[in-house]
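Indexing begins at 1, ligand by ligand and atom by atom, following the structure's order.
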Amino acid sequence: MRIGIVCYPTFGGSGVVATELGIALAAKGHQVHFISYSQPFRLDTFSGNLFYHEVPVANYPLFEFLPYEISLTSKLVDVVMHQDLDLLHVHYAIPHASAAFLAREILKSRGKNIPFITTLHGTDITLVGRDPSYRPVIEFAINMSDGVTAVSDSLRKDTLEYFSVNREIEVIPNFIDLDNYGKVYDQCYKSTYAPNGEMILTHISNFRPVKRIADVVKVFEKVHREIPSKLLLAGDGPERSNVENLARELGVINDVIFLGKTKAIERILCMSDLFLLTSESESFGLSSLEAMASGVPVISTNTGGIPEVNLQGYSGFLSNVGDIDDMAQNAMNLLKDPAMLQKFGEQAKLRAAMFSEKAILPMYEQMYSRLTGLPLN
Ligand code: GMT
């Protein structure tokens, strides 16, 4: 099949999932065309089946805001026609779903019929999409999509609650390529950050307010009082300087290491003892799945789709949003008991295997086949 994938190229779960999906589809023989405003950051694999089309946005002195959605729509029309695509799969509703809708209608007027699938990822529904400045368009584009998927049952329910949706939403959970995680590296280089055998707690995100990273630092500060430990923070974003200031105020700055927008996620997880995810809202929590696949137990909140991934008392522990004491206590219970920590790590790996590429990819392929009428090879 020839598939067009539209996604955000930046450091964020939806772009990661879209990229991994495209790479996996290409490995299975599909031709995959990524369409975005810059190269997705994890798209650094070489394959004869992978293509990238950049969306140029023409500027003009009249424009205070660049009309990206129009440029994207035009690019979609162009790529679908010239590459003879069979299907468009857009990740994150804003503005990808409405651009795909418009492209589909333009293409129809030119005699080319192509279905599009919208995959909802989280903040496009729970945060941004509900804003009155987006809502009518998002609702319409969801209803007009040929297929709609959500990355968790929680997100499916939220979509039905917040929007007037008159169509089926299929839950297709996020997945990861297990081969990339939990590798027994000869050397995890743990001593680089924990030279005296300290425990390593890790958080990875785009540092947006919804992640409540201040809570990560507060939990760490409590753990740090009792257990020699380091906090690794991977990623970057708007909360970075607040987090740094808080770590200074709490007196733990010397044991908090900011790693920036690194791609070496598996390496970081390889040296981690515990993963922290303190989000206010989270439709899935891809980073926690990556941690679990690496055998790292997860201390998280119990919001949104997180409980569908992290299992209480099995792969980690879940607490109410903002319950610093409970999260810190759960973290310490695990860190103080090596046997329990190891058991939870093994269980986390087993849990992560439920979200393997092998298990999830066929769900997308079956949907593609149903919507295009093309057989699966
Ligand atoms: O992380 C975000 O805030 C944005 C969004 C994205 O585009 O990366 O993340 C969402 O999609 C991920 C992939 O499906 C999910 O794992 C995240 O849980 C979800 N974020 C939120 O719901 C806050």
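A cation-pi contact, defined as under 6.0 Å to the ring centre and within 45° of the axis, links R130 to Y162.
The shortest N/O to N/O separation between G285 and ligand 1 falls below 3.5 Å. Taking only nitrogen or oxygen atoms, main chain and side chain alike, G13 reaches within less than 3.5 Å of ligand 1. Any N or O atom pair closer than 3.5 Å counts here, and T126 shares no such pair with ligand 1.
The pair E161-K157 fails the salt-bridge criterion, with no side-chain N (NZ, NE, NH1 or NH2) lying under 4.0 Å from an Asp/Glu carboxylate O. Between K28 and E365, at least one side-chain N (NZ, or NE/NH1/NH2) sits under 4.0 Å from a carboxylate O, which counts as a salt bridge. At a threshold of 4.0 Å, the pair K218-E221 does not count as salt-bridged, since none of the basic side-chain nitrogens sits closer than that to a carboxylate oxygen. A salt bridge between D236 and K261 is absent, with no side-chain N of the basic residue lying under 4.0 Å from a carboxylate O of the acidic one. E290 has a carboxylate O that lies under 4.0 Å from a charged side-chain N of R42, or vice versa, which qualifies the two as a salt bridge.
With ligand atoms numbered from 1 in the order given, ligand 1 contributes 1 (O) to contacts under 4.0 Å with heavy atoms of K211. The atoms of ligand 1 that sit less than 4.0 Å from any heavy atom of G12 are 8 (O). Using a 4.0 Å cut-off to heavy atoms of S281, the atoms of ligand 1 that qualify are 23 (C). In summary, the atoms of ligand 1 found under 4.0 Å from a heavy atom of N206, numbered by their order in the structure, are 1 (O), 2 (C), 3 (O). Ligand 1 places these atoms under 4.0 Å from at least one heavy atom of V151: 14 (O). Numbered from 1 in the order shown, with element, the atoms of ligand 1 that lie under 4.0 Å from a heavy atom of G122 read 22 (O). In the vicinity of L286, heavy-atom distances shorter than 4.0 Å reach the ligand 1 atoms 16 (O). Atom numbering of ligand 1 starts at 1 in the shown order; those under 4.0 Å from a heavy atom of R208 are 2 (C), 3 (O), 4 (C).
By the side-chain hydrogen bond (donor to acceptor under 3.5 Å, both in side chains) test, T118 pairs with S145, sequence neighbours left out.
No heavy atom of H91 sits closer than 4.0 Å to any atom of ligand 1. Ligand 1 has Y92 within reach: a non-hydrogen atom of the residue lies less than 4.0 Å from it.
If you look at L155 next to ligand 1, there are no close heavy atoms at all, none under 4.0 Å. In N174, the part holding a heavy atom less than 4.0 Å from any atom of ligand 1 is the side chain.
With ring centers used as reference points, F284 lies under 6.0 Å from F355. Here the two rings, on F220 and H203, have centers that are 6.0 Å apart or farther.
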